[in-house]
Amino acid sequence: MADAITSRETDYSQWYQDVIRHAKLAEHSPVRGCMIIRPNGYAIWENMQAALDKMFKDTGHQNAYFPIFIPQSFLAREAAHVDGFAKECAVVTHSRLIVDDEKGLIVDPDSRLEENLIVRPTSETIVWDTYSRWIQSWRDLPILINSWNNVVRWEMRTRLFLRTMEFLWQEGHTAHATREEAMEETLQMLDIYATFAEEFMAVPVIKGVKTASERFAGAVETYCIEAMMQDGKSLQAGTSHFLGQNFAKAFNCQFQNKNNEQEYVWATSWGVSTRLIGALIMVHSDDQGLVLPPRLAPTQVVLVPIYRNDEDRDRVLTEARQIVGDLLEAGIRAHLDAREAYRPGWKFNEYEVQGVPIRLALGPRDLKNGTIELARRDTREKEGVPRDGLTKRIESVLFDIQQSLFEKACAFRDSKTTSVDSYDDFKTVLEENGGFVLAHWDGTEETEAQIKKETKATIRCIPLDPIDADDSGVDIISGAPSAGRVYFARSY
RNA sequence: CGGGGUGUAGCGCAGCCCGGUUAGCGCAUCUGCUUUGGGAGCAGAGGGUCGCAGGUUCGAAUCCUGCCACCCCGACCA
């Protein structure tokens, strides 16, 4: 490779972009802030979708599709929602172009729409307009719907996968008869996200609730999972919102309960996006390129054949096809790279950069010895293993890689988590180690804002799981009583 | 949107300050031969609106003006 991957130490941000480019995950589009997701990147997304979709279905959700265009008037219905999204909406005002003799192709002034259309930044408004027509009785509830789609938020500053103007995601929208049931749903989906992050992505996450200032526009409570990146910054990896009756009221969505009374419907919404791919990259990858956890890797095992002459070639390829066939049979995503145009060494590097968990190399020497070379991407170790029982061995190594990536990420996260009891320590830790800083907070927006202004760290969440046996303490700034420590961090 | 940086072949860059023939280099690409257990060697070949638009000049990649894009740092966010 002419251009190497910048090391994480040299320039983390550049490293991130280099990994994406070298692994052929995505590239910038001609339109600022948008992204072309290449096959390697999209395949990861498809694996994420498959796993999540199954989890959604297993908990009774169905997929549906709502349109990309939302009448401008809809957005205005819920006050907090407008505040949150108004300043980042793409607005469609005209419906056609015409060729002008002087100016060329121009917007046809005669095609002005009667009402502007908003390209959805999220679908709450169109969904709740719809639900208001679907729901009359308690018998119509709950409604448990998820939607896989794309949304647009006109961002000032973008980064591939982490923040783009258009992104792919899923948004769940549920309607319930009671507050309790909606809250239960909110937390259930948060758990699903946490499970997905830890078991599929091998990314440990903190489950928590957002403070008012970080809350979703229109939510009563926003729950989140937060993950620690290798540069010590936190990333919000998923959110689940308890919307209360805010949208039901805005869209007049009521149902008749068992007592023959009209009542507003209780709501939730929850989502994860292609941002997860950014998290995946930033948690596991190294200076050699992408590192993928086996459960999400589009290719789990690649076999590179090695030979000198036609005779060796035939023998090696015959054996290689047998091996890959066995692996596929066992449900392992295996690939035989028999391309003649590239040499083995070149392929080794290619798959390393692309993060394939296991690479096998098979040559004449192995045929003679009944062995095969197995190299694992995460540790970059390679060893000769017996041909006999290879499939079982690979299953076990894949399992081990998945496990070991998670443990490594946990250990890193722990090394980047520090409890402090004074503002001085807070600032020192943030500067010297970064990561999560656990500190007592008095629950006021004033101290939160002051810390953000002075240190750029925000409250990532108030953890759901208790941190200390003894939760009492005092705010590091005001000295006022605190109910427990919260997670502070600089974040993406 | 403010501050800083960059834009020259697919990628990475030199040339620009100090204007002057056919705009170079590495990698990649194509052809041929030899090769193949960690990014092969040799020989030959192709590929350029020098980000865009104006201007200055006999002459602009180079100087001037405006614009655009990307990256980094801030303000806003999944």
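The structure displayed is predicted, hence computed values, not measured ones. Lettering of chains follows the sequences in order, A, B, ..., and the numbering in each one begins at 1. Heavy atoms only: backbone and side chains are in, while hydrogens, waters and symmetry mates are out.
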List the steps, then state whether ring-ring contact (aromatic ring centres under 6.0 Å, His included) holds for A:F66 with A:W128.
CA-CA 11 Å; A:F66 292 87; A:W128 282 90; over 10 Å; no
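- Under the Watson-Crick and G-U wobble criteria, each requiring two contacts below 3.5 Å, nucleotide B:G74 is paired to B:C1.
- Here, B:U57 and B:U6 have their P atoms 29 Å apart, quoted to the whole Å.
- Under the side-chain hydrogen bond (donor to acceptor under 3.5 Å, both in side chains) criterion, the residue pairs touching residues 220-234 of chain A are A:R8-A:Q230, A:K210-A:E226, A:T222-A:H241, A:E226-A:S234, A:E226-A:R460, A:D231-A:Y492, with sequence neighbours excluded.
- A 3.5 Å limit on both hydrogen-bonding distances identifies B:C11 as the Watson-Crick or G-U partner of B:G26.
- Distance noted for atom C1' between B:G51 and B:A61: 12 Å (whole Å).
- If you find the closest nucleotide of RNA chain B to A:T274 and to A:T158, the one lying nearer the 5' end belongs to A:T158.
- Base pairing of B:U31: its partner is B:A43, meeting the Watson-Crick or G-U wobble criterion (both donor-acceptor distances under 3.5 Å).
- When both distances must be under 3.5 Å, the Watson-Crick or G-U wobble mate of B:A69 is B:U6.
- Within residues 363-383 of chain A, the residues approaching RNA chain B are A:G363, A:P364, A:R365, A:D366, A:E373, A:K382, by heavy-atom distance under 4.0 Å.
- The base-pairing partner of B:G37, taking Watson-Crick or G-U wobble contacts with both distances under 3.5 Å, does not exist among the strands shown.
- Evaluated for a side-chain hydrogen bond (donor to acceptor under 3.5 Å, both in side chains) with A:N146, the options A:H173, A:Q170, A:H61 yield exactly one hit, A:Q170.
- Here B:G59 sits opposite no nucleotide as a Watson-Crick or G-U wobble pair (both hydrogen-bonding atom distances under 3.5 Å).
- Looking at the side chain of A:K452, the nearest of the listed nucleotides B:C76, B:U36, B:G39 is B:C76.
- When the side-chain nitrogen and oxygen atoms of A:Q17 are compared with OP1 and OP2 of B:C72, one or more of them lie within a distance under 4.0 Å.
- Defined by atom type and a distance below 3.5 Å, a donor-acceptor pair is missing between the side-chain atoms of A:T158 and A:T164.
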Pair A:R77, A:D129 - check salt bridge (Lys or Arg N to Asp or Glu O under 4.0 Å), show working.
CA-CA 10 Å; A:R77 302 277 279 273; A:D129 172 71; 5.1 Å; no
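- Side-chain contact check for A:E171 and A:N149: at least one donor-acceptor pair (N or O, by modelled atom type) lies under 3.5 Å.
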